[in-house]
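Order of the sequence lines sets the chain letters (A, B, ...), proteins ahead of strands, with each chain counted from 1.
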Amino acid sequence: MPSEVVDDAAEAGLPIATSDAPTLDVLRHSAAHLMAAAVTELFPGAKYDVGPSIEDGFFYNFRLPGDAHFTEDDLGVIEERMRLLSKRALPYLPDVLPRAEARALFEQLDQPFKVAIIDRLDAGVDRVSVYRTGDFIDLCRGPHVADSGVVHAFKLLRVAGVYWLGDERNEQLQRVYGTAWFSDEELDAYLHRLEEARRRDHRRLGQELDLFSFPEELGSGLVVFHPNGGLIRTLMEDYSRERHIAAGYEFVNTPHITKEDLFQISGHLDWFSEGVFPPLELDEGQRYYLKPMNCPMHILIFRSRMRSYRELPLRLFEFGTVYRYEKSGVVHGLTRARGFTQDDAHIFCSREQMQGELVSLLDFTLGLLRDYGLSDFYLELSTKPEGKAVGTDKEWEEATGALREAASGRGLELVLDPGGGTFYGPKISVQARDAIGRTWQISTIQVDFQLPHRFGLEFVDPSGGTSRPIMIHRALFGSIERFFAILVEHYAGAFPLWLAPVQCELIPVQDDEPAVVASIADLAARMRAARLRPHVDDRPGERMQARVRTAELHKVPYVVVIGKRDVERNDGMLSLRDNRRGGAQQQVAVDDLIERLTAEVRERRPE
RNA sequence: GCCGACGUAGCUCAGUGGUAGAGCAGCGGUUUCGUAAACCGCUGGCCGGGAGUUCGAAUCUCCCCGUCGGCUCCA
């Protein structure tokens with residue numbers, strides 16, 4: 001959900017005339033009015049709904065007369081009209097009207113959305129403000145810029161269908177999005193940022209770097225990793241595995257399908273049915289489901305025998321592949337797939353151990369993410385979703401309190417997400433900012449009293465009696481595919497050396513010089529012996545320049561070019577090109593080169 | 001799921017009712033070149049799938065699949 005500074009016109013109240021030093025919000029809100037003015041001129045009979053400023057821009061919702069719809073081509077036309085209106089420097093004129101009079105006005109203008117807004121105002125509101133811009137009049141609490149001439153650095157970006165009042169049972173309106181800034185320079189900079197985001201798009205880089213694909217025959221939201229992507233993924237998993245072993249996790253494996261009983265008991269079929277693929281029917285009418293979550297399987301492992309308090313905390317880890325039915329319109333590359341693999345673990349512990357586990361878990365999580373090159377975090381605490389939750393208020397309070405406790409004192413910003421928890425418990429999400437400042441939800445840590453209860457889990461406590469364990473669900477990458485996509489975008493495809501599929505491209509200047517060929521082969525062998533991943537570009541018929549270019553396009557971190565001159569000089573020095581630093585070159589000795597690269601890998605340097 | 005746009009060679013795209021095209025990639029040859037593209041030639045397509053309209057469909061209509069931008073959802 002993008003953070004929208006919603007101009008809830010329902011609060012239309014006292015007018016604030018014009019703003020001498022308008023903020024970006026004011027400017028953008030004024031741009032929204034200007035757009036609506038242009039639209040109502042160009043499309044007589046258009047009904048306008050609301051038009052707030054949002055992050056980086058603004059929008060306005062419309063219903064066009066008849067079955068008419070905006071097309072992308074209309075954006076240019078509307079934009080032109082806006083420029084015309086802008087040049088006329090039309091003042092934004094405020095007025096205050098008695099509520100009934102305003103209602104009659106919009107009734108007369110045949111603007112049903114505005115009438116509806118007035119009707120939804122609190123009973124105590126008896127006066128509302130309106131703004132006029134040329135012939136356009138809008139219910140609005142302001143403030144606005146002085147005149148439309150201030151709104152000149154803008155661009156309309158896209159058109160979208162939206163539900164009236166955001167409720168999918170309502171009719172769909174058309175929303176036009178735009179961006180607006182005080183100066184053309186700022187506008188250009190913003191458009192540049194959009195371009196930069198497009199350049200980093202993991203779907204595009206996934207194809208260019210031959211990392212993965214979504215074959216149409218496979219079905220929407222289902223991915224295949226190619227050798228390059230597969231290697232990166234394996235390296236990501238290997239390091240995660242190593243760290244989990246060190247942190248006291250034990251590894252388990254579970255199947256991809258299960259009888260419905262399991263998810264009946266867990267409650268997923270009641271609470272999560274929309275996300276579950278339809279069942280497979282067996283001959284005897286037995287129903288099997290693809291697993292949307294791993295937790296019930298791990299619970300069965302816990303429950304497979306009597307457990308002692310001495311075994312706790314029991315941390316069961318699995319790269320568990322799950323399948324979730326995502327609505328067709330929401331599938332999006334690797335970040336929203338229908339089949340994906342979680343780095344999923346469930347920690348079974350006593351109530352007394354819970355707090356300590358959460359604290360060390362959060363440390364573990366942030367440390368691991370930092371090793372993958374992310375360093376700018378904030379935390380989000382999601383609380384009980386009213387009406388969609390199981391368990392008592394007391395349990396929810398305890399679990400929420402424990403999470404809050406663990407999250408505080410981390411030196412990280414903690415944002416509240418009311419009602420955002422799962423049906424079985426509250427959660428902390430770790431959010432990270434990437435290289436161009438976008439935020440991604442990464443890790444999730446959830447406290448759960450419910451599943452242990454539903455599955456009747458218990459352990460023998462020190463007194464010889466039985467107690468019920470607490471479960472902590474946690475996925476640090478979230479989903480490997482998603483985390484992979486985030487890294488692709490964060491690094492713009494130029495992975496740090498320890499994750500780069502090819503770490504050093506070795507390029508012969510001549511293919512037919514035995515001494516050059518031998519020198520390259522020798523260097524490649526020495527690098528492999530040092531557990532580095534060199535690649536020799538000996539494609540016949542390609543010139544050295546073309547090979548350098550290919551290595552650059554493939555975002556290979558380092559390039560070594562060896563030719564006759566090097567061999568003849570015979571001083572052991574090589575020409576090393578650093579692709580991540582604009583192709584900067586330097587001379588290095590072979591031993592130094594290998595030492596330098598292995599150190600960079602060992603330290604997992606982010607670039 | 002909903003609104004809109006789109007789907008032509010491995011990739012990026014041109015082609016709007018009359019014989020399917022370009023660049024790159026791939027393959028074959030020539031070239032052996034010092035840090036971002038040598039040159040010549042060749043191959044490559046059920047124009048996403050199906051049904052319809054038409055003498056004739058990549059092109060028009062409908063259904064399905066898939067992609068993109070949003071909405072809703074992200075439990």
Counting Watson-Crick and G-U wobble pairs only, both distances under 3.5 Å, name the nucleotide matched with A51(B), or none. U61(B)
Which residues in residues 532-547 of chain A have a heavy atom closer than 4.0 Å to any atom of RNA chain B? Gly541(A), Arg543(A), Met544(A), Gln545(A), Ala546(A)
Ala475(A) meets the side-chain contact (heavy atoms from CB on, under 4.5 Å) criterion, sequence neighbours left out, with Asp343(A), Thr444(A)
Distance, C1' atom - from G15(B) to G21(B), rounded to whole angstrom: 7 Å
Is the phosphate of A37(B) approached by Thr550(A) (side-chain N or O, under 4.0 Å from OP1 or OP2)? no
For G1(B), does the base pair up with any side-chain atom of Tyr163(A) as donor and acceptor (N or O, under 3.5 Å, distance only)? yes
With a 3.5 Å limit on both atom pairs, tell me what G56(B) is paired to, counting Watson-Crick and G-U wobble, or say none. none
Got a sec? Which of residues 261-269 of chain A come in under 4.0 Å of RNA chain B, heavy atoms? none
Any idea which of U32(B), A75(B), G1(B) is nearest the Lys427(A) side chain? A75(B)
C1' gap between C62(B) and U54(B), integer Å: 16 Å
Side chain to side chain donor-acceptor pair (under 3.5 Å) filter on Lys555(A), not counting sequence neighbours, yields none
How about Phe70(A) and Phe62(A): are their ring centroids closer than 6.0 Å? yes
Identified side-chain hydrogen bond (donor to acceptor under 3.5 Å, both in side chains) counterpart of Tyr424(A) within the set Glu395(A), Gln450(A), Gln446(A): Gln446(A)
From the options A75(B), G1(B), U32(B), select the nucleotide whose nearest atom is closest to the side chain of Phe423(A). A75(B)
Taking side-chain contact (heavy atoms from CB on, under 4.5 Å) as the test, write out the residues that go with Leu218(A), two or more places apart. Pro215(A), Leu222(A), Val224(A)
Could you check which of C71(B), U35(B), C33(B) has an atom nearest any side-chain atom of Val509(A)? C33(B)
What is the base-pairing partner of G28(B), counting Watson-Crick and G-U wobble geometry with both distances under 3.5 Å? C40(B)
Nucleotide C68(B), atom P - distance to CZ of Arg198(A) in whole Å: 15 Å
For G17(B), the Watson-Crick or wobble counterpart (both distances under 3.5 Å): none
Across the strands shown, which category fits Asp167(A) at heavy-atom distances under 4.0 angstrom: base, sugar-phosphate, nothing? nothing
Could you work out the separation of U59(B) and G7(B) based on their C1' atoms and round it to a whole Å? 14 Å
Side-chain donor-acceptor contact under 3.5 Å, Glu318(A) with Gln342(A): no
Pairwise side chain to side chain donor-acceptor pair (under 3.5 Å) hits with a residue in residues 212-222 of chain A, at least two apart: Ser213(A)-His226(A)
Short side-chain N/O contact from His332(A) to OP1 or OP2 of C74(B), under 4.0 Å: no
Once you round it to whole Å, what is the distance between C1' of U12(B) and CG of Leu553(A)? 14 Å
When Val560(A) and Gly275(A) are each assigned the nearest nucleotide of RNA chain B, the 5'-most assignment goes to Val560(A)
Give me the distance, rounded to whole Å, that separates G48(B) from A9(B) when you measure between the P atoms they each carry. 8 Å
Under 4.0 Å from OP1 or OP2 of G1(B): is there any side-chain N or O of Ser328(A) that close? yes
Leu222(A) CG to G66(B) P, straight-line distance once rounded to whole Å: 10 Å
Below 4.0 angstrom from OP1 or OP2 of G1(B), is there any side-chain N or O of Tyr325(A)? yes
So that I can tick it off, tell me whether Glu196(A) and Arg193(A) are bridged by a salt bridge, with the cut-off set at under 4.0 angstrom between side-chain N and carboxylate O. no
Using Watson-Crick geometry (N1-N3 plus N6-O4 or O6-N4) or G-U wobble (N1-O2, O6-N3), each under 3.5 Å, U12(B) is paired with A22(B)
If we call it a pair only when both distances are under 3.5 Å in a Watson-Crick or G-U wobble match, what pairs with C68(B)? G4(B)
P gap between U8(B) and C47(B), integer Å: 11 Å
Give me the distance, rounded to whole Å, that separates A22(B) from G44(B) when you measure between the P atoms they each carry. 13 Å
C71(B) OP1/OP2 closer than 4.0 Å to side-chain N/O of Tyr177(A): yes
For Arg203(A), check side-chain contact (heavy atoms from CB on, under 4.5 Å) against everything at least two apart and list the hits. Asp201(A), His332(A)
May I ask you to establish whether Arg175(A) and Phe59(A) are in a cation-pi arrangement, using a distance under 6.0 Å from NZ or CZ to the six-membered ring centre and at most 45° from the ring axis? yes
Can you name the ring pair (Phe, Tyr, Trp, His ring centres under 6.0 Å) partners of Phe423(A), sequence neighbours left out? His268(A), Trp271(A)
Of the listed nucleotides (G1(B), A75(B), G69(B)), which one gets closest to any side-chain atom of Arg203(A)? G69(B)
Touch class at under 4.0 angstrom, heavy-atom based, for Arg577(A) against every strand present: base
In chain order, what residues pass the side chain to side chain donor-acceptor pair (under 3.5 Å) check against Arg539(A), with sequence neighbours excluded? Asp537(A), Thr550(A)
Hey, which sits more toward the 5' end of RNA chain B by its nearest nucleotide, Ala160(A) or Gln446(A)? Ala160(A)
Between C1' on C3(B) and CG on Leu64(A), what's the gap in Å once rounded to a whole number? 12 Å
Please state whether the phosphate of C73(B), meaning OP1 or OP2, lies under 4.0 angstrom from any side-chain nitrogen or oxygen of Arg336(A). no
Would you indicate which nucleotide in A75(B), G69(B), U72(B) comes nearest to any side-chain atom of Glu168(A)? U72(B)
Phosphate contact (U32(B) OP1 or OP2) by Lys564(A) side-chain N/O below 4.0 Å: no
Under 4.0 Å between a side-chain N/O of Gln207(A) and OP1 or OP2 of U12(B), yes or no? yes
Can you give me the N/O atom pairs linking the protein to nucleotides 41-43 of chain B at distances under 3.5 Å, or say none if there are none?
none

Could you list all the salt bridge (Lys or Arg N to Asp or Glu O under 4.0 Å) pairs where at least one residue sits in residues 157-173 of chain A, not counting sequence neighbours? Arg63(A)-Glu171(A), Asp167(A)-Arg169(A)
Pairwise C1' distance for G41(B) and A51(B), with rounding to whole Å: 43 Å
Side-chain N or O of Arg204(A) versus OP1/OP2 of C68(B): is the shortest distance under 4.0 Å? no
Strictly by side chain to side chain donor-acceptor pair (under 3.5 Å), give each pair with a member in residues 510-523 of chain A just once, sequence neighbours left out. Asp511(A)-Arg547(A)
Given the C1' atoms of G56(B) and G17(B), what is the spacing between them in whole Å? 8 Å
Give me the ring orientation class for Phe212(A) and Phe484(A): parallel if the planes are under 30° apart, tilted from 30 to 60°, perpendicular past 60°. perpendicular
With a non-hydrogen cut-off below 4.0 angstrom, is Gly329(A) in contact with a base, only sugar-phosphate, or nothing? base
